[in-house]
2 protein chains.
Amino acid sequence: MLTVDSDRRRRPTLDTVAAAVGVSRATVSNAYNRPDQLSSSLRERILETARSLGYAGPDPVARSLATRSSAAVGFMLPQGLSGAFSDPALSIVLDGLASTVDGHDHSLVLMPGDATGGPRPSIVARAQADVMVAYSLPDSAPALEAVAARGLPLVVIDQPVLPGSARVEVQDYVGASLAASFLLSLGHSRCAVLTFALHPDGVSGPASPQRRSAVPFRVSRDRLGGYLDTLEKAGVKPDNVPVWEARGSDRELGRLGARWLLTRTPRPSALLCASDQLAFGALQAARDLNLTVPRDVSVVGFDDVPEAAYSDPPLTTVRQPLADKGRRAGELALKLLAGGRPPRPTRLDVSLVERASTAPRA
Amino acid sequence: MLTVDSDRRRRPTLDTVAAAVGVSRATVSNAYNRPDQLSSSLRERILETARSLGYAGPDPVARSLATRSSAAVGFMLPQGLSGAFSDPALSIVLDGLASTVDGHDHSLVLMPGDATGGPRPSIVARAQADVMVAYSLPDSAPALEAVAARGLPLVVIDQPVLPGSARVEVQDYVGASLAASFLLSLGHSRCAVLTFALHPDGVSGPASPQRRSAVPFRVSRDRLGGYLDTLEKAGVKPDNVPVWEARGSDRELGRLGARWLLTRTPRPSALLCASDQLAFGALQAARDLNLTVPRDVSVVGFDDVPEAAYSDPPLTTVRQPLADKGRRAGELALKLLAGGRPPRPTRLDVSLVERASTAPRA
DNA sequence: TGGCGTGGCTGAAGCGCTTCAGTCATGCTG
DNA sequence: CAGCATGACTGAAGCGCTTCAGCCACGCCA
């Protein structure tokens, strides 16, 4: 019967095993880490004895201290977990990262963020990881300084460069332009924008001109910029484009924002949504208001999460390679760990996927 | 300018600082951990010197070794991350856990599972955590043995007892009965069941009688059992109840399963879904088939995730206190860490929430 | 026979920190 | 003024492991 004995007082150590077998501690260590350093018969005997003594292998912490490596990568999030995981895009990125990291027998330490838009510095200072990955933190988050203070290698996803760090990012600005141009080509000049947080203060609402400038989140900044610049080039004044800022990126927040946008006068004929989740919310809001998509209003998302292909109607959206992003970040992290210099930023491509949520202006 | 210097060769240590200030290493340690042990002027001087030397505080690994505590809780998942986080119920639980753990300056180490229905034992053996939380692993997952081998305290969520471990669980069987009784009371005797994985082998499809028995996931077992037993008591033979087993718990899998169930002849007049996500998929499937919920078919979910109140139609479902579950697990973990004996299992209540996805049989 | 490469094992020096039993002034009490 | 708390600081013993320079015996070659 499997029993949990949490009495840690007198757990066996390498020495216990060494003494029991009658060899040196170094040899027992080798039995676990360098099988080629001892005869296989002795190794067998050691492992056997260890088992019978209830020794579960070298203690991870002591091992980390001795090797100066904790075999873990830290992941810093801009928000708490529940908010974060209602965003499938993040889940996919994280999964890509996890599988890479996991494949190299490294583990993943999660550092949820708080209202400041990143994990508390004390958390970062104490995290047992030897490389950090920052996901979409606001510019100059305190967490980033904490990483620098520790001298840990850093890879940032969807963020501005930090000297000495590796980076993977997506052509958000280009993607947003793509979306806007497409709507313009369909004749939609009365567009509205539904975006997730521009500032880390947890506020939802119409985005005033002030809030639209000096946006600390690079992704939000680039997507919003891509939309507005493109519209402007076509002669649409940014100030005339209604923008709703949702404090997060989930359906419900999207629905709320879209309801507001779709009840402006004149009603926008198309919605540019900064994420698919927000777009799904927008589809819902349209239904709530008895509007038909795309007849009454066109909707375009961003991300191309798997579900975008199955929504009602299927979503026109900007595809970005989410899983790749995570994998790349993982590879970069491992490379930095191995002592590599930070390579040039990895830029991933975006493309527009046309589905059924958009149509020429009626 | 914030710069990342990942050159870890010559980082300052406690000794460096001690030497610079001209005090003993113990005193510097105290400056960080026991401010009351030295004069505040000296402490100030030490901290100042540390800062100027680029010393970011005691190394977490060394500290862990010395204190025999790594200030981290490990979270073992039954599946990979992306699958896991498409399940909002899990996100909420995890968030509850994280906030508790985080509030005590502990971090969270994630151990994603693989095809075996849990993390690989090697991952568990090397994880730097001093208490483990297992979430809905199958009975006798290898990961659990690895935990036992290390002698780490364990708290299990939604799983059978393990001697020596703490446990938090929900009255799944009762909840499932509630749902089934409710449908029966509305006159639905032709019910079908849409459940998530009964076995960890990643198979989706109609669940044969063999697959319905010896189910290793406690939650699946209890919910399915609650449904079928209740129906049987009302005279409905379990063998006549179609059951679809989805390999995971997301909308798309739910939609697939529901499509199959709703195209049986005779068509079921009600669907018992083991999670809200599956139920949302079922609502979608009904729409796809031009069926109106609840007129043509009633649907009941399980979990009561926030979105259940907003779906179209709003979902009748079994409520379980998800965030509580996570928080409780966190508290238990911390209590075990503090040396407490495992308390009696925490059982959380369930209740039925009636919304608009159910109606009397036509 | 002497020299030498080699496989198999060990001793001991760390890794960077915490902690606890002291030491030593200092000020207070009676 | 002896006696004694008290506050401030230190020395040294670990925490459990990795690693590397050796050491030793053995067999092989010339």
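Just so it is clear, the structure is predicted and the values come from calculations on it, not from any experiment. Below, chains carry the letters A, B, ... as their sequence lines are ordered, and counting in each starts from 1.
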Respond yes when some side-chain nitrogen or oxygen of [X] is under 4.0 Å from OP1 or OP2 of [N], and no when none is.
X: Tyr32(A); N: dT19(D); value: no
X: Arg63(B); N: dT18(C); value: yes
X: Ser29(A); N: dT18(D); value: yes

[X] [atom1] to [N] [atom2]: how many Å, rounded?
X: Arg68(B); N: dC15(D); atom1: CZ; atom2: P; answer: 7 Å
X: Asp59(B); N: dT18(C); atom1: CG; atom2: C1'; answer: 13 Å
X: Asn30(B); N: dT18(C); atom1: CG; atom2: C1'; answer: 9 Å
X: Leu65(A); N: dA13(C); atom1: CG; atom2: C1'; answer: 13 Å
X: Arg11(B); N: dG16(C); atom1: CZ; atom2: P; answer: 11 Å

Self-check item: Bracket string, DNA chain C, 5' to 3' - pairs by Watson-Crick or G-U geometry under 3.5 Å, | interstrand
Solution: ||||||||||||||||||||||||||||||

Under the rule for salt bridge (charged side-chain N to carboxylate O under 4.0 Å, His left out), what residues qualify as partners of [X], not counting sequence neighbours?
X: Asp95(B); result: none
X: Asp114(A); result: none
X: Arg347(A); result: Glu169(A)

Practice problem: Mind running side chain to side chain donor-acceptor pair (under 3.5 Å) on Asn33(B) and Arg63(B) for me, showing each step along the way? | Solution: CA-CA 11 Å; Asn33(B) 305 311; Arg63(B) 178 209 202 81; 3.0 Å; yes

Please tabulate, one pair per line, all N/O donor-acceptor pairs under 3.5 Å involving side-chain atoms of residues 118-126 of chain A, not counting sequence neighbours.
from: Arg120(A); atom 1: NH1; to: Asp102(B); atom 2: OD2; distance (Å): 3.2
from: Arg120(A); atom 1: NH2; to: Asp105(B); atom 2: OD1; distance (Å): 3.2

Self-check item: side chain to side chain contact (heavy atoms under 4.5 Å, CB included) partners for Val17(B), two or more places apart
Solution: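 If we apply the side chain to side chain contact (heavy atoms under 4.5 Å, CB included) test to Val17(B), skipping adjacent residues, the hits are Val21(B), Val28(B), Ile46(B), Ala50(B), Leu53(B), Tyr55(B).
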
Practice problem: Could you pull out all residues at least two apart from Ala56(B) that satisfy side chain to side chain contact (heavy atoms under 4.5 Å, CB included)? | Solution: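 Scan of Ala56(B) (side chain to side chain contact (heavy atoms under 4.5 Å, CB included), adjacent residues dropped) gives Ala149(A), Arg150(A).
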
For residues 73-80 of chain B, which side-chain donor-acceptor pairs fall under 3.5 Å, sequence neighbours excluded?
none

Self-check item: Rounded distance (nearest 0.5 Å) linking atom CG of Leu322(A) with atom CG of Leu94(A)
Solution: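 So the CG of Leu322(A) and the CG of Leu94(A) are separated by 12.0 Å.
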
Practice problem: Kindly state which residues belonging to residues 14-27 of chain B come within less than 4.0 angstrom of DNA chain D, counting heavy atoms of the residue only, listed by number. | Solution: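 Only Val23(B), Ser24(B), Ala26(B), Thr27(B) qualify.
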
Quiz prompt | Neighbours of DNA chain D within residues 33-51 of chain A, by heavy-atom distance under 4.0 Å | solution =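 Those residues are Asn33(A), Arg34(A).
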
Practice problem: Sequence neighbours left out, what pairs pass ring pair (Phe, Tyr, Trp, His ring centres under 6.0 Å) with at least one residue falling in residues 329-348 of chain B? | Solution: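 Listed once each, the pairs would be none.
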
Quiz prompt | Partners passing side chain to side chain donor-acceptor pair (under 3.5 Å) against Thr100(A) (at least two apart in sequence or in another chain) | solution = none

Exercise. Compare the minimum distances between each of dT18(D), dC15(D), dC17(C) and the side chain of Ala62(B), then state the nucleotide with the smallest one.
Key: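 Within the option list, the nearest is dC17(C).
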
